[in-house]
Amino acid sequence: MEKYSPQAIEKKWQKKWQEEDAYRTEMDASLPKYYTLEMFPYPSGNLHMGHVRNYSIGDVLARYKTMEGYNVLHPMGFDSFGMPAENAAIKHGVHPAEWTYKNIENMERQQREMGLSYDWEREVITCAPEYYRWTQWLFELFYKRGLAYKKKASVNWCDTCGTVLANEQVIDGKCWRCDSEVHKKDLSQWFLKITDYADVLLKDLEKLKGWPERVKIMQENWIGRSEGLEFTLEVPELGEKIPVYTTRPDTSYGITFLALAAEHPLVEKICENNPKAEEIRAFCKKVRGQSEIERTSGESEKEGIFTGYYCINPFNGNKVQIWVTNYVLAEYGTGAVMGVPSGDQRDWMFATKYGIDKILTLQPKDKELKLEEMTAAYVEKEGVLVNSGEFTGMEMHKAMAAIIDYAEAKGFGKRRVNYRLRDWLISRQRYWGAPIPVIHCPHCGEVLVPEADLPVRLPENVKFEQGAVSPLAQCEEFLHCKCPKCGADAKRETDTMDTFICSSWYFLRYADPKNAEASFAKDKVNYWAPVDQYIGGIEHAILHLLYARFFTKVLKDAGMVDFDEPFTNLLTQGMVIKDGAKMSKSKGNVVSPEEIIAKYGADTARLFILFAAPVDRDLEWSDQGVEGAFRFLGRVWRILGRFEESIRQAPKEYDVAALSKEEKELRCVLHRTIKKVTEDVRDRFMFNTAISSIMELVNAFYAFQDKELAAGLAREIADALLRMLAPFAPHIAEELWFLLFGEGSVHRQKWPSYDEAAMVQEEIEIVLQINGKVRDKLRVPVGLDRAAMEQLAMEQPRVQELTEGRSIVKVICVPGKLVNVVAK
RNA sequence: GCCGAAGUGGCGGAAUUGGCAGACGCAGCAGACUCAAAAUCUGCCGUUGGCAACAACGUGCCGGUUCAAGUCCGGCCUUCGGCACCA
């Protein structure tokens, strides 16, 4: 055998696999299916180590499940609409499509060089008209079901990107892509009604047993369900009622002011014929002009202005001042909040600052509170009501329910559930996205583009200029059209869809990627989906994973799929870091996968990245660690080379009983390794320890390098070793399989099974402890009972020596493990 | 502030059900091979004391349960992540 040379053998097998369509998958209802999926990448141009990790994990699973006899779907595609392509167009004058497809070509090449077992026939590219046609079709489905609507709203705007953003895309008040500050703008925009599904998106998290707890908690927080009371306070002077929402109805008797958001619709009415109108308007203008960061950051000062008007607390008839403030959110609840200084710290600070009254309504069971002695609101989650009319003396949690009942009975309030989740803003003022298939007709209003006319194609002849409005809005040939209903001159919608729409259903398209009649055939999707194992980064915990769940639920309700959750199991991989920080160009700590593969081969790159850390933890990149992985593959190569002759000539069946004691022990190691690796891969995704075990097996094999070894056993080891190695390092396993066994791919073999009988040892080592400390070790026959163990232990000179002159309190025996002698 | 995860040798990490702490790998040290080096193969490798046998200590900190705790319980500390004026 020649020297291990990954460059030569990897190219050879990649070519062969491609020629033979080795990873083509077809639907086969007679086989159990397994759908494993890695989050598809944005075609930025090059793979980074995060991709390598993601795909290596997925490929191990896909190959392992195939060997276990599953019909495996393992596809790949590109999430190829989005800003960077358009920015490249502005900067370099290259068309986004050209830039994107060039990048896809390069990344595909890199993926092929990794030796990944994708069925490339199923590739999905979201910017292709054959795909976005169906994205548009799905938009129309949502529209017809009342789940897509356009409305004027105060929305997040990023100047740098020149577009609006969804709430989920605003991180700490900044744009998720370019990190510039986001501010509010009043615009007419398209939304998807994800809030209609808030309740079921929350409730069904319970079904996701195979999801990491932290991801579920993040979604739970994001949805933000709360229960409370909505009730109205009358404003007699204006003949108006102001609704408020509270989760603390038990404090309702303590209202001393009412706080309106600066955006509240009543503010304008309040300003009519109001001597303070100018002042109030100026205050609102100032507040609304502030950025999200200024308005919400940390302990920003609470400010407000008294309107001169009063409303009536319906519980006790108290007259309550109406204020406009900077700390009430317009979009949450009703945009108006009851102010209870004694029960809420923000209200306390506000009332103190502006000299507003305070009324105590809650105190601890065993202690009387006095307002004059308090320096902060009483916010504990237990207490008894005071100054609360008929509810005085009631325990607060009982009072919450009783007060809600009271408000409902009197007809001024209602029990209500509230969510933090807002509707999903999906329109983008950009070119490189799927056009929203809507036509605005002066006579008919909003009209959907007829299904037969889909896709609404992106025009190719457009200009890209820095800071300009969307190229689509300037493209006359795109803009002007006829109304499909009445034939009048009409205009197209020029907004495109958020790319997260494209990625909310791509995993379904893989089941039927070339369907030109529908987004997918129902039987195919119901065979393959839901995804059995989804793998990707934690950064999508809310964004993509919430949207995809929403889409799936809508498609279920529309009768298009039979399942209501898209991803049965989710694995969130850790980041690849170097020198303690995430790899990034700005930090200069990027290691290029392409260079690593060129130097050591894909097998080494894959093996290292799977071995260096458990999949869900961050992984510290180590150039020396890569060397180690490479050395290990070399060791495998050499030890099999050492026994090449006997492996080739050995018969499949051989007499195990004739093996020497040492050989039997080696065979025992082999079968224990098979068991361990199987369990680590199948049940725990502990690829790092699976690889360790294979290394231990190889080390045990090396003990025979200068000795005679029964040919049958050498063959048995080589056979199982290569099968186990195949999912991790597919090329070297294939090459050695070919060299040693000739015909047939290792990847079409069955996963090895272990022989319990081979794992039985005649003797095992047990530990002797005195008072819990290890003092000796002892080889004993397997199956020794407690009494015999104790007797044997007590006979040991070491035990006698150490317990001499002491009284034995008790002796604990754990069969097969240890004896602990407790002596005083 | 609320919620969550993590903390083990020089480093990455292992210990799955409470039962030998440190598997496997990296780095380091030594030996074999070689004129020599590289590569390869072999051995050693938690800390302290000791020539050694061995002993003491050791899984963020303090305490507890237990014959036995990295693992269970109570109380903290640190780091990272998510949410955060959500009424």
Side-chain angles (χ1 to χ4, degrees), chain A residues 3 171-172 212-222 224-226 228 244-248 251 259 261 295-302 325-329 331-340 343-347 349-350 379 418-422 538-539 541-542 575 607-608 611-614 616-629 631-632 634-635 638 676 679-680 683-684 686 688-696 698-699 702-703 705-706 765-777 809-814 816-823:
Chain A
K3 220 180 118 200
I171 315 289
D172 294 332
E213 208 55 38
R214 65 174 173 154
V215 174
K216 290 192 273 186
I217 286 166
M218 280 161 76
Q219 292 210 355
E220 195 179 316
N221 290 342
W222 189 259
R225 184 182 197 271
S226 71
V244 296
Y245 171 75
T246 180
T247 54
R248 291 295 303 278
T251 64
R295 265 181 93 162
T296 60
S297 78
E299 292 295 298
S300 73
E301 187 70 11
K302 288 171 188 27
T325 69
N326 67 343
Y327 73 94
V328 173
L329 301 173
E331 316 90 53
Y332 182 80
T334 63
V337 171
M338 66 184 207
V340 183
D344 183 286
Q345 187 54 25
R346 290 160 302 184
D347 295 348
M349 293 186 327
F350 190 80
V379 293
N418 228 331
Y419 297 94
R420 217 192 67 110
L421 183 72
R422 312 283 156 73
I538 186 76
E539 67 272 18
I542 292 168
M575 285 188 301
L607 195 78
F608 166 72
F611 173 67
D616 56 351
R617 228 188 284 181
D618 284 353
L619 180 152
E620 173 77 29
W621 182 267
S622 153
D623 290 329
Q624 285 161 329
V626 179
E627 294 267 0
R631 265 201 294 270
F632 166 69
R635 272 169 77 77
R638 288 185 294 274
K676 165 86 173 148
E679 287 169 356
D680 279 355
D683 308 333
R684 304 203 303 151
M686 291 288 280
N688 56 331
T689 52
I691 294 167
S692 307
S693 307
I694 299 175
M695 287 173 169
E696 286 179 81
V698 170
N699 291 346
Y702 259 89
Q705 62 179 326
D706 300 322
E765 191 177 71
I766 62 163
V767 166
L768 293 185
Q769 293 184 334
I770 313 275
N771 293 335
K773 293 195 168 166
V774 181
R775 294 302 181 202
D776 206 358
K777 291 177 185 180
V809 181
K810 62 170 140 174
V811 180
I812 283 128
C813 294
V814 183
K817 290 225 164 100
L818 59 78
V819 178
N820 186 14
V821 180
V822 185

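What you see below is based on every heavy atom in this structure, not just the backbone, and it leaves out hydrogens, waters and symmetry mates. Every chain is numbered from 1 and lettered A, B, ... according to where its sequence line falls, protein lines coming before strand lines.
- Within the model, atoms OG1 of A:Thr246 and CG of A:Asn418 stand 10.5 Å from one another, a figure rounded to the nearest 0.5 Å.
- To the nearest 0.5 Å, atoms CD (A:Gln769) and NZ (A:Lys817) are separated by 12.0 Å.
- Checking the phosphate oxygens (OP1, OP2) of B:A14, a side-chain nitrogen or oxygen of A:Asn688 falls inside 4.0 Å.
- Within the 4.0 angstrom heavy-atom criterion, no nucleotide atom of any strand lies near A:Gly333.
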Between protein and nucleotides 66-73 of chain B, map the contacts as a letter string: B base, S sugar-phosphate only, - none, heavy atoms under 4.0 Å, written 5' to 3'. -B------
Quick test: give all pairs of protein nitrogen or oxygen and nucleotides 15-18 of chain B nitrogen or oxygen below 3.5 Å, distance rounded to 0.1 Å.
unit_1 : atom_1 : unit_2   : atom_2 : d
B:A15  : OP1    : A:Arg684 : NH1    : 3.4
B:A15  : OP1    : A:Arg684 : NH2    : 3.1
B:U16  : O4     : A:Lys676 : NZ     : 2.3

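- Take A:Asp623 and apply the side chain to side chain contact (heavy atoms under 4.5 Å, CB included) test, not counting sequence neighbours, and it matches A:Lys578, A:Trp621.
- Distance CD (A:Glu220) to P (B:G4): 10 Å, rounded to an integer number of Å.
- Residue A:Arg617 places at least one side-chain N or O closer than 4.0 Å to OP1 or OP2 of B:A14.
- Between A:Lys216 atom NZ and B:A5 atom C1' the separation is 15 Å, expressed in whole Å.
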Quick one, A:Arg422 with A:Glu331, criterion side-chain contact (heavy atoms from CB on, under 4.5 Å). Give me CA distance, side-chain angles, the key distance, then yes/no. CA-CA 8 Å; A:Arg422 312 283 156 73; A:Glu331 316 90 53; 3.4 Å; yes
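- In this structure, the nucleotide among B:C57, B:A21, B:A14 sitting nearest to the side chain of A:Lys773 is B:C57.
- A:Asn699 CG to A:Ser692 OG: the interatomic distance, rounded to the nearest 0.5 Å, is 10.5 Å.
- Taking the P atom of each, B:A39 and B:C45 are spaced 23 Å apart, rounded to whole Å.
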Pair pattern of RNA chain B in dot-bracket, where unpaired bases get dots and | marks partners in another strand, Watson-Crick or G-U under 3.5 angstrom: (((((((..(((......[....))).(((((.......))))).((((....))))..(((((..]....))))))))))))....
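- For A:Tyr327, the listed nucleotide lying nearest its side chain is B:C85; candidates were B:C85, B:C20, B:G82.
- Among B:C24, B:C85, B:G82, the nucleotide with an atom closest to any side-chain atom of A:Phe611 is B:C24.
- Between the P atom of B:C3 and the CD atom of A:Glu213 lies a distance of 15 Å, rounded to the nearest Å.
- Atom name P, nucleotides B:U17 and B:C73: the rounded distance is 14 Å, in whole Å.
- A donor-acceptor pair shorter than 3.5 Å can be found between the side chains of A:Thr689 and A:Asp680.
- Residue A:Ser226 places at least one side-chain N or O closer than 4.0 Å to OP1 or OP2 of B:A87.
- Comparing B:C20, B:G4, B:G19 against the side chain of A:Val814 picks out B:G19 as the nearest.
- Of the P atoms belonging to B:C61 and B:A69, the separation is 15 Å, rounded to the nearest Å.
- Taking atom C1' in both B:U71 and B:A15, the straight-line distance is 9 Å, to the nearest Å.
- B:G74 and B:A21 have their P atoms separated by 26 Å, with the value rounded to a whole Å.
- Distance from the side chain of A:Gln624 is smallest for B:C26 among the nucleotides B:C26, B:G4, B:G19.
- Atom name C1', nucleotides B:A14 and B:G9: the rounded distance is 13 Å, in whole Å.
- A straight line from CH2 of A:Trp222 to C1' of B:G82 spans 10 Å, rounded to a whole angstrom.
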Evaluate side-chain contact (heavy atoms from CB on, under 4.5 Å) for A:Ile766 paired with A:Val819, printing each intermediate quantity in order. CA-CA 8 Å; A:Ile766 62 163; A:Val819 178; 4.1 Å; yes
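- A donor-acceptor contact closer than 3.5 angstrom links the side chains of A:Tyr245 and A:Ser226.
- Nucleotides of RNA chain B nearest to A:Ile691 and A:Met218 differ in position, and the one nearer the 5' end is that of A:Ile691.
- When the C1' atom is compared between B:U79 and B:A68, the two are found 31 Å apart, to the nearest whole Å.
- For B:G9, the base adopts the syn conformation, since its glycosidic angle falls within 90 degrees of zero.
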Would you check, one step at a time, whether the test side-chain contact (heavy atoms from CB on, under 4.5 Å) holds for A:Ile694 with A:Glu696? CA-CA 5 Å; A:Ile694 299 175; A:Glu696 286 179 81; over 6 Å; no
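- Nucleic acid contact class of A:Val821 (heavy atoms, under 4.0 Å, all strands): none.
- B:C24 atom P lies 20 Å from atom CG of A:Leu619, rounded to whole Å.
- Of the candidates B:C24, B:A87, B:C20, B:C20 carries the atom nearest the A:Val767 side chain, counting heavy atoms from C-beta on.
- For A:Arg420, there are no side-chain hydrogen bond (donor to acceptor under 3.5 Å, both in side chains) partners at least two apart in sequence or on another chain.
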Taking it one step at a time, do A:Val822 and A:Val811 satisfy side-chain contact (heavy atoms from CB on, under 4.5 Å)? CA-CA 6 Å; A:Val822 185; A:Val811 180; over 6 Å; no
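- Here A:Asp618 lies in heavy-atom contact (under 4.0 Å) with sugar-phosphate atoms only.
- B:G28 and B:C11 are spaced 15 Å apart, taking the P atom of each and rounding to whole Å.
- Atom NZ of A:Lys216 sits about 10.5 Å away from atom CD of A:Gln219, to the nearest 0.5 Å.
- If you check B:G13, B:A55, B:G4 against the side chain of A:Arg775, the one that comes closest is B:A55.
- RNA chain B is contacted by both A:Arg214 and A:Ala612; A:Arg214 maps to the nucleotide lying nearer its 5′ end (nearest heavy atom per residue).
- To the nearest 0.5 Å, the span separating CE on A:Met686 from CD on A:Glu679 amounts to 13.0 Å.
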Where along nucleotides 37-42 of chain B does protein come under 4.0 Å, by heavy atom, of base (B) or sugar-phosphate alone (S), with - for untouched nucleotides? ---SSS
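- One donor-acceptor pair, N or O on each side, does fall under 3.5 Å between the base of B:C20 and the side chain of A:Lys777.
- Using a distance-only test at 3.5 Å, with no hydrogens or angles considered, a donor-acceptor pair links the side chain of A:Asn326 to the main chain of A:Glu301.
- For A:Arg420, whose side chain is taken as the heavy atoms from C-beta onward, the closest listed nucleotide among B:A84, B:C24, B:G13 is B:A84.
- Judged by distance alone, with hydrogens and angles left aside, the side-chain atoms of A:Asp618 form a donor-acceptor pair with the main-chain N or O of A:Met575 at under 3.5 Å.
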Start with the C-alpha gap between A:Phe611 and A:Phe632, add the side-chain angles, then the distance that decides, and say whether ring-ring contact (aromatic ring centres under 6.0 Å, His included) holds. CA-CA 11 Å; A:Phe611 173 67; A:Phe632 166 69; 8.3 Å; no
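- One distance of note links CG of A:Asp347 with NZ of A:Lys302; it measures 9.5 Å at 0.5 Å rounding.
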